[in-house]
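A short worksheet on the structure shown next.
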2 protein chains.
Amino acid sequence: MASKETKQRGRPRSFDRETALEQAMRSFWEQGYEATSISDLTRTMGIGAPSLYAAFGDKRALFDEVVAAYGRRHGGFIDRAVAEEPTARQGVGRALREAAVEYTLPGRPRGCLVISAALNTTPASAEVAASLREMRRSNIGQIESRIRADIVSGELPADTDASALAHYVGAVIQGMSQQARDGADRAMLADIASLAMRAWPETAEAGEGEETAEEAGETHGDPAADGGAPHPRRATLAHPAP
Amino acid sequence: MASKETKQRGRPRSFDRETALEQAMRSFWEQGYEATSISDLTRTMGIGAPSLYAAFGDKRALFDEVVAAYGRRHGGFIDRAVAEEPTARQGVGRALREAAVEYTLPGRPRGCLVISAALNTTPASAEVAASLREMRRSNIGQIESRIRADIVSGELPADTDASALAHYVGAVIQGMSQQARDGADRAMLADIASLAMRAWPETAEAGEGEETAEEAGETHGDPAADGGAPHPRRATLAHPAP
DNA sequence: TGATTTATATATCGCTCGCTACAGAAAAAC
DNA sequence: GTTTTTCTGTAGCGAGCGATATATAAATCA
């Protein structure tokens, strides 16, 4: 599937399938599923309609493939941050900081495709909308699971409402995506992310110093995502200062 | 404009204009501007296309009228909360709590029309999208102004970033609207609102921890004027109040 | 060299979009 | 009554939608 093993028989394709898919992603990302017409796609992909249908099926199948590629290339940072960091707090903090960067990278559409590409849909596209909604639900579920693990381990207080906290994080991320599309710059999104983390529950007991403002590392090397709290940290009794 | 003074000359209108406008609002609110067709509108409004155009102009003008009516009947609660409560904190807290109720009222579309009705748009509807975006910007500006006033009065710390805090609130509200449309119930939205307020900066001087999660519990019925105010703390010690 | 296979370019298809011309219907004005 | 004014129902406009039929172009296989 990934490589051509034998020489194909007929006339070879005159365009690069991956490049065309990338262009389709741009269009769907910017305008959304329904607002992007086949005519838009053929123009930006640089191919004719029959080539599009031969290579990708129909509009819906092309979109599905775009969403899959998006998840692989751009959308995975949240799950990755939550899975890789040692605590839920650090994972979510890093996810929010990285979202501020990802959602404002120059040269690509603002915000998140999964969040914004199928919001105002006709009944004809109800399935597409439901598909993206399910992905959003799944993302929040991932966060909730990570939070629950920290409750079990004692990192978070036993009475922490994992579902509510995860949905709060999801709402903030969706809000950040919309703010990015509405024109907020990267620094503003970083401020929102930083503020949002102030709502995070205190560590249960003898926490180890969680410096949430520490380097998230491997994102995109952009220093704008300092993540440091521009606002005075709220007074806490149990939280050891870094 | 509000009343008919003289008897009109020709054949009288066979439908109630306000009722028709209400139905149009429902359609736009549910599906968004572009995804709602004239055919949808004439069906739900119960009138023919020529009657629609005679009474409201074109689709764009009808939508503008819908948005104006929406602002009057449903959308004003944020500005009202922020304007009426004695502090920005109480105002925003009440606004978030009321959003949880407003965005999940049974028998009407979920979420906020201004937030969600023109998100995936073709270039043909760029003006509509820009118009709603400007309203969102204005709402955040209102919140920012209220926060700034509390900084001046000393209610909030002098180093509070009013713009960032206002944009955070805006992002949370937009996230709540999307969550509502994604199926979150009222209790979940109330939890998100409660969590979001934990990020609010401490009062400049006056004492003790704010128990920001002070139960918005009641939800329905009258969103009490004092609802949510943990304790009246208007006096500030650090700065002279006007 | 054909013959076969696959891709592309042109020119649509049926359908829905926002919108309107036109003629008939229902009221006030005369 | 007749005239005038306004609204409503039918029917259809040009344009764009997603998707294709057809014919030609470019490759491999024999």
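A, B, ... follow the sequence lines: proteins, then strands. Residue 1 opens every chain. Atom set for the values below is all heavy atoms of this structure, side chains included, hydrogens, waters and symmetry mates excluded.
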Provide, to the nearest angstrom, the distance between the CZ atom belonging to A:Phe63 and the C1' atom belonging to D:dG18. 16 Å
State whether a side-chain donor-acceptor pair under 3.5 Å links B:Ser27 with B:Thr44. yes
Under 3.5 Å, is there a donor on one side chain and an acceptor on the other for A:Asp40 and A:Ser37? yes
Do any N or O atoms of the protein come closer than 3.5 Å to N or O atoms of nucleotides 2-6 of chain D, and which pairs are they?
from, atom 1, to, atom 2, distance (Å)
D:dT4, O3', B:Arg9, NH2, 3.4
D:dT5, O4', B:Arg9, NH2, 3.3
D:dT6, O2, B:Arg11, N, 3.3

Do the rings of A:Phe28 and A:Tyr33 sit parallel, tilted or perpendicular, given the 30° and 60° boundaries? parallel
Show every salt bridge (charged side-chain N to carboxylate O under 4.0 Å, His left out) that has at least one partner inside residues 113-127 of chain A, sequence neighbours left out. A:Arg60-A:Glu127
Quickly work out the A:Arg17 CZ to C:dT6 C1' distance and round it to whole Å. 15 Å
Determine: side-chain N/O of A:Ser14 to OP1/OP2 of C:dA7, distance under 4.0 Å, yes or no. no
If you measure from CD1 on A:Ile192 to CG on A:Leu96, what distance do you get to the nearest 0.5 Å? 10.5 Å
Strand-adjacent residues in residues 31-60 of chain A, judged by heavy atoms under 4.0 Å from DNA chain D: A:Thr36, A:Ser37, A:Ile38, A:Ser39, A:Ala49, A:Pro50, A:Tyr53, A:Asp58, A:Lys59
Side chains of A:Trp200 and A:Ile147: does their closest heavy-atom pair fall under 4.5 Å? yes
For the residue pair A:Gln174 / B:Gln179, report whether a side-chain donor-acceptor contact shorter than 3.5 Å exists. yes
Just by distance, with hydrogens left out, do B:Gln31 and A:Thr121 show a side-chain donor and acceptor under 3.5 Å apart? no
